[in-house]
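Note that the structure is predicted; figures quoted are calculated from it, not measured. Order of the sequence lines fixes the chain letters, A, B, ..., with proteins taken first and strands second; residue numbering starts at 1 for each chain.
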Amino acid sequence: MAADGGPDSTGLAKSYRPAEQEPRINALWSEAKCFEARPQSSAAPYCIFIPPPNVTAALHLGHALNNALQDALSRHARMKGMDVLWMPGTDHAGIATQTVVERRLALKGQRRTDFTREAFVAQVQAWKDEYEATILGQLREMGASCDFSRTRFTMDPVCATAVRAAFHKLFEDGLIERGRRLVNWDPASRTALADDEVEMRDVDGRMWYLRYPLEDGSGHITVATTRPETMLGDTAVAMNPRDPLAAGLRGKRVRLPIVGRVIPIVEDDYVVMPVSRGGDPADAKAGVATGFLKVTPAHDPNDWEIGRRHALAAINVMGPDGAISDRHGWTDVSTEARAFVGKSREEARKAIVQWFKANNLLEDEKPWRHAVGHSYRSGVPIEPWLSEQWFVKVTDDRLRGAALRAMEPAQFDGKAPAGNAPGDGQMKFFPARYAKTFQQWHENLRDWCISRQLWWGHRIPVWSRVAQGEAATIGANAPEGGTMVAVPSAWSKQGASHRVRRRDDGSLEELLCLPANADALAAEAERAGFTQDADVLDTWFSSALWPLSTLGWPTPDAFPGMGGLLERYNPSAVLSTAREIITLWVSRMTMFNRHFLGGKVPFRHVFIHPVIQDGFGQRMSKSLGNGLDPRDVIHSHGADALRYTLLDMTTDTQDLRVPVEMIDPHSGETFTPEYTRAPSGHQVAAPVQKSPKHASKTMVSSYGATSGLATPSEAQPLARNTSSRFDIGRNLATKLWNATRFALSNAPEPAASVDPATRPALDRWILSRVARAVQRADAALADYRFSEYAAACYDALWRDFCDWYLEAAKPSAKSDPERQAVMLASLDAIVRLLHPVMPFVSEALWPALQQRRASSVVKGLALPASKMLAVAAWPVAAASLVDAGVEAEFERVQALVDAIRNVRGERQVQPRRMIRLGASVRVQSLCNASDGVIAAMAGLSGVVGIGEARGPGSAVFAFDGEECWLDGLVDQVDTTAERARLEKVVADRRRAAEGYRGKLSNAGYVAKAPPKVVEETRAMLASAEADLAAAERAIGGVAGHLMRTMFAIALATLCACAHTVQKPASSGEPVQTSQARQPSQATQPSAPQAAAIVPNAVRSSTPWDDGGGPGVRVRTEHYNLHLAVKEPAFRGSLPGYMEACNCNNAYATALGPLPVPSEPLDLYIFPSREPWEAWTRKTLGKEAGVYLALGRGGFTSDGVSVLYDIGRVDTLTIAAHEGWHQFSQLSLKHPLPTWMEEGLACWMEGTRQTRDGSPTAFRPWRNFERWNELRNAVRENRLIPLGELLGNSPQQCLEKGKDRLLTYYAECWALIHFLNEGEGGKYHDKLLQLMQDAAQGRIAGRLIASRAIANPVQRQQAVKTRVGNAVVLEYFNPDFAAFEDEYQRFIEAVAKRGAGDRIFRGESPLTEMSPVPAAPAKPPVK
RNA sequence: GGGCGCUUAGCUCAGCGGCUAGAGCGUCGCCUUUACACGGCGAGGGUCACAGGUUCGAAUCCUGUAGCGCUCACCA
């Protein structure tokens, strides 16, 4: 065998190939005879009668669906230990089959009548044999577990016996009658049709207005008609008695043109009045009606009724071919009318219209669209034709009433008919709504015409002759109307029903209806001058007997092996059928079964399956070429895939769509064809399609071939249809195959016995899931929810067993025999569960699985050994296996794994990379309890405490309201991605929490909703809030780094500033251009100085520096940073920017060209995202980590403000501009943290002047003293190293700072520490929330940061446009008091420790910056 | 015209008073890890046709509108 296809150590090939297995397995089943019913067994019987497919053609996808469903039910029942009889068979389909055979003859130029009846029937028989074989073969291919040994055909001797017996009994019971009535006549097939064999089609016809002269010559009346040719048979004109004209015409008569017949004007409510005379304008008919209706009882069902009401004659003017004829009841043929005799319907119509025109009697003519009945076989318009036919009086209460009484009372619409007879109320519909259809159909029922003028079918078992002897005597008193009168005679003594009746022409007819097996009697009758009726029975007559005939009724003992079947298998369990069948077949089976079997219903349940349509919602049909051949699907996907997919689609909807695709014969590729519109208006695949692979090659679509628009050839072959819908089934079969292979290779020696109670949670979990799957499957099948059953199988196998159990058990299975036993037992149960829908693959795997696990027992899961899966027992799981506790626990495990995988996925961590989880004690214990499952599934190398040290690239996530982290995800730190991920989580959780809060804040909800629901909501809220808090803390962790970095920056900036301002400090003026050209080493802080500010910080040798702010390179504990504090006013490229600097800025020009960093940095800090974002992308080929902007909204600043503005999660802008005060007042209403205000103020003042060279209200050196202090602090090394502060409490920081250094810095750090880790966490959260809200547009942070928005009107507008309904004030107010309180407490706490009143007195330097100079208050530094 | 049903993610469909509206396929990203690429992990994607109403709460119930499908009836 090929390396990739051969069996491995498990003995199973590497992949499942349906074509290799299916025939083999079919043979296996067949040899074992495992689908044969066991009538002698003690098992409970379960029976399904297949709706016998017509032998007209091969099975289509609809059949495949129905049979897949029945097979699933049958196999399920069989595995549950029932004695199953799924009765297969085919239907002779009288007219349909005869028509196809006749059509074939027609191709050879032959007609039915060229043969004797026997010879023709033989030809049909040959066709039937061929298709019956095809159909049965298809059933086997699909894996249908029918009892093929009992296959029936509706015309075989057994069924024929039943037909004869049934007819005889109905005849005997007076439920069959013969009469001359108007029937649906197919002039092409020359047979009567039942109502349901007629299909209505809209036709563009014309409405002609014919004048009929009044007999007395006083004028004429006008009738409207679409069928002028029938006027030859008119026997009256009708008008509505309420017609204003009625009084004047009452009693008058009309002389019928052409014919000259004088006919009455009758009055009948049926007649629609024209709108002009009081007709209903809404009635379309009233719009065209004249108020006078020609009445032709012999050629219109409604006229027939009018005729009956008014005792009118019915004059039949046509023959069986639809041509005008004087030989079928028309006697008063005038000379003028003679000219029309012999003309076809169509010719006669033209001629008559022409005649009326010529005689000036055609008043008008209009186009008129209306529905016309057509024969569903020959397609020609149906002629309502008066003829003598056989009828079953289905309207008799013994039939119709019995059918209605069979309905389950609860499903009856209205008051259910009372009934206590056997079988009453025992039939139930699934889905329930079809009960209504069933019921309504019966309410409009008409007697059922059962005679067909065909040769193919059951010949009517009635012999007749002109009445003789005693029949004639008795018949002499027979009533008009054809009622049959019993004749006691020698014939009746021999079992015949002997009747006599008066025919319409008055003659007496003597009839003998012979029972089954009365050939001798028939011969005798024929010798006595009786002849058998030439007609055959409607196919449905024999179909209606299906549940009886297949079981040998009425004489099961007369047939070998059929004794006792009837009692055992009727009623059957369920009839599964299509919607269109419900009205006729279900009803007729019910009527007959109940009538012949003492009230027994034929089936307890009726399941109506959906109709499969193509992707456009059109019925699949041969002529549209949009059908799918089940054989093609079996070929491409396998029988199991076909079956599974069909079941999966079977929801309780009415229709389901299967988009049809095509297979390119050139490449084998599946593709969606080009569509076009057929003349009928249907969407069809264009006749010729281009190969998707080779544009030059073409193919013919099914539609192209059937419509004749394209002819397949070698160069342009016919393309097969397919649908990728079936992939799902194929994939599942493959999954099952591979899962089994894997399980077998991992379970070499399963323990002989396992008590689940002693097993770890993982094993108890899968057993619990399996037990639930069994329950779910059983419940679904019990209600015919096939899709639900399919889903139960899918979830059990794929989701639970493969995705979780196998993956989790991988590392341990081989060394744990008990686990192996559990694994194999679970799989065994799942394989059994799948068998009814995927019989082949499951059976194919069975021997290997059985061999390995047969002797192994898992307590509570009954899986008795069996040689063959088809007859193996359905799994039985003890209730004790269902363990809600272990499932809940495992759900937590799954949730944690999902959370970790989510991080891995988002961060694109390689699957192989093992990572470390840091978690709380609680989560750690979950991991430990999971028996290594979490580690295995999430790829963990270890689990440690949350407080353990971790690397810079770690990611934090929230689980169960707790914070966890993952370390070792990546080699390169990417804070941006991490923040982005966390922001998403936070947004999601916050949305959820807000939703719950909204609910709970609704008083009505809390008061009126069920307490349980409210409780659930509370729990959900708590959980969401906990997750939110954890995620936010996680962001805090990230933010903490940011904050630290920011402060490093702030410090470095200040440091740089101190240098920058050194000269101005001495001279009072900015440096001059000439001096600034060369970077002055003297202005650079020394490395030790920088290091003193930020541990490991190295100031760049060539600082980016300009008037907008200093640049500095800082290496911190985590980051390699380059800070460039730039003005957003410059929107050009970096060189351009430098150019601008060179031109405009004294400092910048002094520094020379701006160097592009030679090594990648982790953090670039810019004043605003653009244009720097673009710059970093261009220069560095990526978006550099964090854009932390220290800058202002605009250059012409005239004040200082600070505002967090996270334009994106990765951009933190600290904007400074004059809008702050207003913003502060408007929204924040709290003082800016002192450190920030001061720091920014210092920075601003130290760096921002001279940009435009113009003196502004801004006074550059206002805070010079402060800068001087800083500078001195740096110089004198009095600055506290941040490293020293890290890890210290705020108090400690302050302690240290009090004596040693500028309290300012201590305070900064203390605050940061407080914010990040101390009790100020909430405060921190508030700040973060503020940032995030701004980032997500919930507040107009960004907008407000600009000066223009300080204008209330514009701000409002901006708020509207940018943040929708968020209103800045309202948004913050609810919680802001707490915010302020927090801050206040902090201030106090720090103040108490004597950190110095200057810093905490709440005075803002901003006040000094108002346009009106005020004396700066500068308390001395302690 | 009567009856039944449908309209939810790009597609096919679940859900049918209360989880943040789900699945499969398709899409995007990562992964050929010793069961499975007919695979694994992750992501993105929805004003539940529209408009009213009932309800604490509506995709879900009611009414109406529009579109679609099936079915029965309709030969003035």
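Checked against rC41(B), rG69(B), rU12(B), the side chain of R725(A) finds its nearest nucleotide in rU12(B). Of all nucleotides listed (rG18(B), rG42(B), rU33(B)), rU33(B) comes nearest to the side chain of P911(A). Here the nucleotide nearest the side chain of R433(A), chosen from rG39(B), rC4(B), rG69(B), is rC4(B). The nucleotide whose nearest atom lies closest to any side-chain atom of D300(A) is, among rC75(B), rG40(B), rC13(B), rC75(B).
In this structure, a donor-acceptor pair under 3.5 Å is present between the side chains of D234(A) and T296(A).
A salt bridge links E383(A) with R227(A): the closest approach of a Lys/Arg side-chain nitrogen to an acidic carboxylate oxygen falls below 4.0 angstrom.
Distance W585(A) CH2 to rU71(B) C1': 19 Å, rounded to the nearest Å. Taking atom CZ of R904(A) as the reference point, atom C1' of rU33(B) lies 11 Å away to the nearest angstrom.
Using C1' as the reference atom, rA58(B) and rA21(B) are 12 Å apart when rounded to the nearest Å. Atom name P, nucleotides rG15(B) and rA9(B): the rounded distance is 15 Å, in whole Å. One C1' atom belongs to rG46(B), the other to rC61(B), and the distance between them is 23 Å to the nearest Å. If you take atom C1' in rC16(B) and the same atom in rU7(B), they sit 15 Å apart, rounded to whole Å.
Each of N302(A) and F742(A) has a nearest nucleotide on RNA chain B; the 5'-most of these lies closest to F742(A). For the pair T653(A) and M1020(A), nearest-nucleotide mapping onto RNA chain B gives the more 5' position to T653(A).
Contact annotation: W798(A) reaches the phosphate of rG40(B) (side-chain N/O to OP1 or OP2, under 4.0 Å).
Among the protein residues, A1009(A) comes within range of the nucleic acid bases, having at least one heavy atom under 4.0 Å from a base atom.
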